[in-house]
Amino acid sequence: MKYSALVSVLAAGSVVAQERPPRTTFPDCVDGSLASNAICDQSASPAARASALIGLMNTEEKLQNLVSKGKGAPRIGLPDYNWWSEALHGVAYAPGIRYADTAPFNSSTVFPMPVLMAAAFDDELLEEIATVIGIEARAWGNYGYAGIDYWTPNVNTFKDPRWGRGSETPGEDALRAQRYAASMVRGLEGDKPERRVIATCKHYAGNDFENWNGVTRHDFDAQISLQDLSEYYLAPFQQCTRDSKAGSIMCAYNAVNGVPSCANEYLIQTILRDHWNWTDSNNYITSDCEAVLDVSLNHHYAETNAEGTAVCFKAGMDLSCEYEGSSDIPGAWDQGLLPIETVDRALQRLYEGLVRAGYFDGSDSEYAALGWEDVNTPHAQELALQAAIEGIVMLKNDDTLPLELSEGSKIALIGFWADDASTLSGGYSGRAPFLRTPAYAARGLGLDVSVATGPVLQNNSASDNWTTNALEAAEKSDFILYFGGQDTSAAGETLDRYSLAWPEAQLTLLEKLSELGKPLVVVQMGDQLDDTPLLENDGINGILWASWPGQDGGTAVLDLITGAKSPSGRLPVTQYPVNYTDVIPITDMNLRPTDEYPGRTYRWYPTPILPFGFGLHYTTFDISFANDSSTSHSIQDLVSTCNNTYPDTCAFPSLKVEITNTGEKTSDYVALAFLSGEYGPEPYPIKTLASYGRHRDIAPGEVAEIPLTWTLGNVARVDEEGNRVLYPGEYTVQLDEPVLATFQFELTGDPEVLDAWPAAPE
Ligand SMILES: *[C@@H]1O[C@H](CO)[C@@H](O)[C@H](O)[C@H]1NC(C)=O
Ligand SMILES: *[C@@H]1O[C@H](CO)[C@@H](O)[C@H](O)[C@H]1NC(C)=O
Ligand SMILES: *[C@@H]1O[C@H](CO)[C@@H](O)[C@H](O)[C@H]1NC(C)=O
Ligand SMILES: *[C@@H]1O[C@H](CO)[C@@H](O)[C@H](O)[C@H]1NC(C)=O
Ligand SMILES: *[C@@H]1O[C@H](CO)[C@@H](O)[C@H](O)[C@H]1NC(C)=O
Ligand SMILES: *[C@@H]1O[C@H](CO)[C@@H](O)[C@H](O)[C@H]1NC(C)=O
Ligand SMILES: *[C@@H]1O[C@H](CO)[C@@H](O)[C@H](O)[C@H]1NC(C)=O
């Protein structure tokens, strides 16, 4: 939409809206000097349009547009463009994003952190949320407050609970991460040929810690077996590129098997572009920010920064993200290390991506009309609340929850998250339109609230004052809510954790609170900790895990605590014991156990405190498979009737779960189906999430059906070379954690390779 058209729309609206600022950030295909160029010819192919633009650029102009702060080419009317915007759980602060001082572009909807959204196991909801995020993000771009390239989602598998950025991801399971990636990319980019915004799956590959014990993401060389790469670390990226056809990928800081990710031809060319056929000339790869410098400086993979820069572009990276300057593009050019064909290839991918997103099409763009009316809509606000309600997981309940509260009930809200709005959002957040804390929500319900908030105490020093205030609040109340955990968000993006224990000062206080004999519920914020002391203390009646619940997190927590809503989230991660950190260094990428090493994730680690998939309810369910056991399917029949290019994506015969709410409260239910059995390459049975689905609002007495769909690939296993194979054998499907129903089937015939994994170099 052009400026003049917009003004009339705005004038017609009832809200006094922000005027679009003078358009210096978008190209002018109408009156500007680009107008006569083929880039503006909407009847030409995107490839031809982009190449016409590049044809107008001189070398200097080309070289200055290979970095995130692209300078454009003012001489020909191409404005500067910042490729780096963020929208992890809503439009967020980033170098390419501005917030206005006044409405409407001064706030954006802040959803819960991805790990909590993933806990809902509700892909329909995720896609709705991603659509809202994509719409707000495009409105930001249309009004010149951002670009239309957003470097989200983060789809790295959360393999170690110490990772400081694990909450940005959908958890530790590969299937969950794949389906999260599919929902996010579809929602953000939309389902039309024109992309609403360009989504970037990151960080490719194996980036799952930051700074631990002297090793950092900038110098780490992740040693990953082909089996683990194919089955686990790369699986979400396969979804993003091969299956969801996302517009962009970010290569990681770390090296994989000796080669820095952004210079890694095996990862970028052999796997990503060739094997996954991610070959459209409008798809690009950006580096993580200042990762190019790491190639020479920290990985010592090149002698000079100029050489390192050239190696990355030649391997297939197309853009260097930097704060102030990290690559040496001029040096690489001057020394003849960077061929013009490589430069043009990168520019083609970048600008063709923008053409495909309608950046040059003004009011003719598919999404030109998205604007201020589409930001912070009532629908967006409802989804933010719903996501928190669906995601929050109940970890303990002795029947005290839901609390029987009524107007005027005296309730103490204790702990550093009780009434501190700054603790609700988590990493990569924007400025929310509002932030409702638990104390705010409790007051809104007319409860008689005493708040005792305090600092994050990792130990006992300076805790006396704090304890006194908390006990005072508790003593004059009839109910106690304690908000605690480790505040890992305070540690920032570059820190990982060393301990999975509850801070000692908090445990001491909780002990004292539990001796008061009043209903005491702990709301655990942040990441997972070893909850043993809380689970074993009978004076602690309930535990809810609320992670970083977003702008309406306080409302969600109170809705669950009062029983206005029912908890139904499931842990998307394992809760490990504190001794986990003694036996497993964060830098060990192996998933499978050895004699000394207990293995990682719910598939291998034997002694969790609370397992992946765990989550309690307010009601009871009767659950069974509607399928008859002892069916048998022929592998060769399944494969020969599959017409998809990639046979692992063909549907496997589906399962049907029948569920009756036998209790007294309406509740959602998440059906998790795990596969196990003695087949394939593993010497012992392992358990793998193979499908899941959610049914909302099952009323007492109601019988509901949950169809579970899955693919041949979800039933297959990955061998040591990385091939995905369908094996004959007896399979058991286990429903839920702990198991509530089982179903057996047999696969007959010979093993079939569904996806032959490319061999590694050497
Ligand atoms: C946005 O600006 C409006 C005034 O235009 C103001 O009322 C509101 O509080 C601001 N929101 C935030 C989150 O700053
Ligand atoms: C590879 O991708 C291209 C472009 O998207 C498409 O035309 C082609 O059919 C794909 N090839 C395979 C084998 O899927
Ligand atoms: C206790 O906490 C204080 C304040 O955060 C810190 O300075 C001190 O190092 C901590 N002591 C121990 C033993 O962890
Ligand atoms: C102790 O608590 C009182 C009352 O809440 C407060 O005024 C005082 O600043 C606190 N002192 C310290 C050292 O935190
Ligand atoms: C670690 O702790 C768990 C749970 O308390 C326990 O089952 C397990 O045996 C411990 N492992 C080691 C190696 O001590
Ligand atoms: C696969 O193709 C065959 C032959 O074209 C067709 O008969 C069959 O229905 C197709 N199968 C599926 C699952 O679409
Ligand atoms: C489940 O039952 C349906 C209906 O009878 C059947 O079509 C399907 O093949 C069964 N699923 C499996 C995995 O056997």
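Every number for a ligand or one of its atoms is a count from 1 in the order of the listing.
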Exercise. Looking at T631, which atoms of ligand 7 are within less than 4.0 Å of one of its heavy atoms?
Worked result: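 Close to T631: 14 (O).
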Exercise. What atoms of ligand 7 come within less than 4.0 Å of a heavy atom belonging to N627?
Worked result: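 Per the distance check, 1 (C), 2 (O), 3 (C), 8 (C), 10 (C), 11 (N), 12 (C), 14 (O).
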Exercise. What do you reckon, does H633 put a non-hydrogen atom under 4.0 Å from ligand 7?
Worked result: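 Judged by the 4.0 Å heavy-atom criterion, H633 does count as contacting ligand 7.
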Exercise. For the residue pair F652 and F745, does the interplanar ring angle fall in the parallel (under 30°), tilted (30 to 60°) or perpendicular (over 60°) class?
Worked result: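 Tilted.
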Can you list the ligand 1 atoms lying under 4.0 Å from a non-hydrogen atom of [X]?
X	result
R431	13 (C), 14 (O)
T102	2 (O), 5 (O)
A432	13 (C)

Exercise. Hey, is ligand 7 close enough to S654 that some N/O pair sits below 3.5 Å?
Worked result: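 Such a contact does occur with ligand 7.
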Exercise. Any chance the side chains of S281 and R345 put a donor and an acceptor closer than 3.5 Å?
Worked result: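 Looking only at side-chain atoms, R345 and S281 do not form any donor-acceptor pair under 3.5 Å.
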Exercise. Between the side chains of T688 and R603, does any donor sit under 3.5 Å from an acceptor?
Worked result: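 Yes.
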Flag the pair [X] and [Y] as a salt bridge only when some basic side-chain nitrogen lies within less than 4.0 angstrom of an acidic carboxylate oxygen.
X	Y	result
D344	R349	no
K687	E737	yes
R242	D648	yes

Exercise. Taking the six-membered ring where the residue is Trp, are the ring centres of Y99 and Y145 under 6.0 Å apart?
Worked result: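 Not close enough - the centres of the two rings lie 6.0 Å or further apart.
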Exercise. Any idea which heavy atoms bring S85 and I97 closest together, and the distance?
Worked result: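 Heavy-atom minimum between the residues: OG-CG1, 3.4 Å.
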Problem set entry | Heavy-atom closest pair, residues A181 and P236 |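 For A181 versus P236, the nearest heavy atoms are CB-O, 4.1 Å.
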For this session: Could you name the protein residues that come within less than 4.0 Å of ligand 2, counting only heavy atoms, and order them by chain and residue number?
Result: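 Those residues closer than 4.0 Å to ligand 2 by some heavy atom are N277, T279, D280, T645, Y646.
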Exercise. Quick one: which of W83, F313, Y351 gives a ring-ring contact (aromatic ring centres under 6.0 Å, His included) with Y284?
Worked result: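 For Y284, the ring-ring contact (aromatic ring centres under 6.0 Å, His included) check succeeds only for W83.
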Exercise. Looking only at heavy atoms, is any part of F743 under 4.0 Å from ligand 7, and if so is it the side chain, the backbone, or both, or is it neither?
Worked result: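 For F743, the contact with ligand 7 is made by the side chain alone.
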